[in-house]
Amino acid sequence: MKILLLGSGGREHALAWKMVQSPDCSSLFVAPGNAGTAAIANNVAINPNDFDAVKEFVLAEQVGMVVVGPEDPLVNGIYDFFKNDAALVNVPVIGPSKHGAELEGSKEFAKKFLVKNNIPTAAYDSFTKDTVAEGCKFLETLNPPYVLKADGLAAGKGVLILENLEEAQQELKNMLVDAKFGDASSKVVIEEFLDGIELSCFVLTDGKNYKLLPTAKDYKRIGEGDTGLNTGGMGAVSPVPFTDVEFMQKIEERIVKPTIEGLQKDNIEYKGFVFIGLIKVGDDPFVIEYNVRMGDPETEVVIPRLKSDLVKLFTAMANDKLDEAVLEIDERSAATIMVVSGGYPESYEKGKVISGLDKVEDAIAFHAGTKQDNGSVVTNGGRVIAVTSYGNNWDDAIKKSYQNIDKLHFDKIYFRKDIGFDL
Ligand code: AMP
Ligand code: GLY
């Protein structure tokens, strides 16, 4: 079967690396891909949000499955686009329907879904331009810090955590009245602050059956000690060391099962990944957010630990037979460290020649923001390469990744030297 994977980051390189190992994948196309995917698959210059271009390619190449990496094509309805097109209806799309993608596309939709299904989450209320005054009063009833979330997709920047009441009230006005995050903040969810340690759990579902993938923890801030601006993620480890059997059972019983049952109750079609952002408060898990795709860089540690054939799992999902599939996990730990362009997540330069990739040993260099340029691999984004290693424990895995990062060079290279510091 020919497969088309949409996206261009480290997540997509890791998914591509796994899929090309499957005997069921005769050729893999990645749109638009990066220099890493170009080395193992065929990159095609298509924008994943240009559904007509995706259609034309799928029909011309007789692609048998489309796997969606990032959230925006899902939130824009690529699943439904295929389902409602007579020429495409038999080509499975791995991802949720547009309705299901609202779990990530709208914070308010996600909160309503959580509450309706009795899934533990922070108490909340939501407000619009017309109810700013009520929102300001609601803030007065809460204890600091105050958590404000733009309802829509805001490129990971839509959540504000503020210590001071007046500042929180001012930011609420900035979001609702002055459209601080554009349309995404025309509605704002205000929620109770949960104090604990974060982790993520990943689930594969066909909408009815599910399989748990390994847990992971990512490091979002640019600076050491979790300081400075938020990024897409500077590193990740899997499994998360503070998840014992009892805690995992709580996650499965209180969160994963009611999530899948909730999809069924609402007739939401969903054949994809569910990425559940959790916070451990005391010994109990609470949901902070849903994402309807894999995480990046979490994919770079979760997928290397999957021993089973990912394409066979996707086929089982497409056929509503995930219960019959086998999911085997590598017992080893995996860690990834993200190498980024100096300046990221603010402005940075592109086009810097990357050297040392051929010296990486006993580790995998997943490309994130790279491209080929006159025979060289050059930087082409903020996050550039994720170096993943296995180890007998997280510490061992992290050390191996750092040893390999020392071999990589490009102008203004930066990476955090303390991934795992809190474990
Ligand atoms: P989100 O985009 O919803 O994942 O939020 C971004 C980040 O804000 C999360 O990774 C958490 O670190 C933090 N956060 C979100 N909601 C809460 C909450 N209710 N309590 C504490 N921290 C939160
Ligand atoms: N690393 C966080 C995310 O992919 O959303």
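One is the number of the first residue; the rest follow in order along the sequence. Note: hydrogens, waters and symmetry copies are ignored here, and every other heavy atom, side chains too, is used. All ligand and atom numbering here is 1-based and tracks the order in the structure. Keep in mind it's a predicted model, so treat the numbers as computed, not measured.
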Inset, instruction - Any atoms of ligand 1 less than 4.0 Å from a non-hydrogen atom of Glu289? List them with their elements. - result: 1 (P), 2 (O), 3 (O), 4 (O)
Inset, instruction - Determine whether more than 12 heavy atoms belonging to other residues, nucleotides or ligands lie under 6.0 Å from atom CG of Asp183. - result: no
Inset, instruction - Considering only non-hydrogen protein atoms, determine which one is nearest to atom 7 (C) of ligand 1 and report residue, atom name and distance to 0.1 Å. - result: Val159 CG1, 4.5 Å
Inset, instruction - Test Tyr124 against every option in Leu114, Val115, Val147 by the side-chain contact (heavy atoms from CB on, under 4.5 Å) rule and name the one that passes. - result: Val115
Inset, instruction - Determine whether the side chain, the backbone, both or neither of Arg11 has a heavy atom under 4.0 Å from any heavy atom of ligand 2. - result: neither
Inset, instruction - Just go through Arg293, Lys217, Lys220 and tell me whose heavy atom is the nearest to atom 3 (C) of ligand 2. - result: Arg293
Inset, instruction - Please work out which of the three classes, parallel, tilted or perpendicular, describes the rings of Phe51 and Phe81, given edges at 30° and 60°. - result: tilted
Legend entry - Nearest-contact summary for atom 11 (C) of ligand 1 - protein heavy atom, Å: Glu198 OE2, 3.1 Å
Inset, instruction - Determine, using heavy atoms of Asp195 and all atoms of ligand 1, whether some pair is separated by less than 4.0 Å. - result: no
Inset, instruction - Would you mind telling me if ligand 1 is within reach of the side chain of Asn230, the backbone, both or neither, using heavy atoms under 4.0 Å? - result: neither
Legend entry - Distance from atom 16 (N) of ligand 1 to nearest protein heavy atom, with residue and atom: Lys149 NZ, 3.0 Å
Legend entry - Neighbour count above 12 (heavy atom, 6.0 Å) for Lys359 NZ: no
Legend entry - Proximal ligand 1 atoms for Lys220, defined as those under 4.0 Å from one of its heavy atoms: 10 (O)
Inset, instruction - For residues Arg416 and Ile222, report the shortest heavy-atom separation together with the two atoms involved. - result: CG-O, 3.3 Å
Legend entry - Thr259 and Tyr290 side chains, donor-acceptor separation under 3.5 Å: yes
Legend entry - Neighbour count above 12 (heavy atom, 6.0 Å) for Lys407 NZ: yes
Inset, instruction - Look at the rings of His13 and Phe366 and say which category their plane angle falls in: under 30° parallel, 30 to 60° tilted, over 60° perpendicular. - result: perpendicular
Inset, instruction - Measure centre to centre between the rings of His99 and Tyr79, then say whether the value is under 6.0 Å. - result: no
Inset, instruction - Could you tell me whether Asp24 and Lys312 make a salt bridge, using a distance below 4.0 angstrom between a side-chain N and a carboxylate O? - result: yes
Legend entry - Taking atom 15 (C) of ligand 1 as the reference point, the nearest protein heavy atom with its distance: Ile288 CG2, 3.3 Å
Legend entry - Taking atom 23 (C) of ligand 1 as the reference point, the nearest protein heavy atom with its distance: Ile161 CD1, 3.9 Å
Inset, instruction - Pull out every atom of ligand 2 sitting under 4.0 Å from any heavy atom of Asp218, numbered as shown with elements. - result: 1 (N), 2 (C)
Legend entry - Residue Gly232 vicinity, atoms of ligand 2 by number, heavy atom under 4.0 Å: 1 (N), 2 (C)
Inset, instruction - Give the numbers and elements of all ligand 1 atoms closer than 4.0 Å to a heavy atom of Phe193. - result: 20 (N), 21 (C), 22 (N)
Inset, instruction - Under 4.0 Å, heavy atoms only, figure out whether ligand 1 is touched by the backbone of Leu194, its side chain, both or neither. - result: both
Legend entry - Protein contact of atom 19 (N) of ligand 1 - nearest heavy atom, named by residue and atom, plus distance: Glu191 OE2, 2.7 Å
Inset, instruction - Check whether any side-chain heavy atom of Pro70 sits under 4.5 Å from a side-chain heavy atom of Arg11, and report yes or no. - result: yes
Inset, instruction - Using a strict cut-off of 4.0 Å, indicate which atoms of ligand 2 neighbour a heavy atom of Glu298. - result: 1 (N), 2 (C), 4 (O)
Inset, instruction - Could you establish whether Gly295 and ligand 2 come within less than 4.0 Å of each other, counting only heavy atoms on the residue side? - result: yes
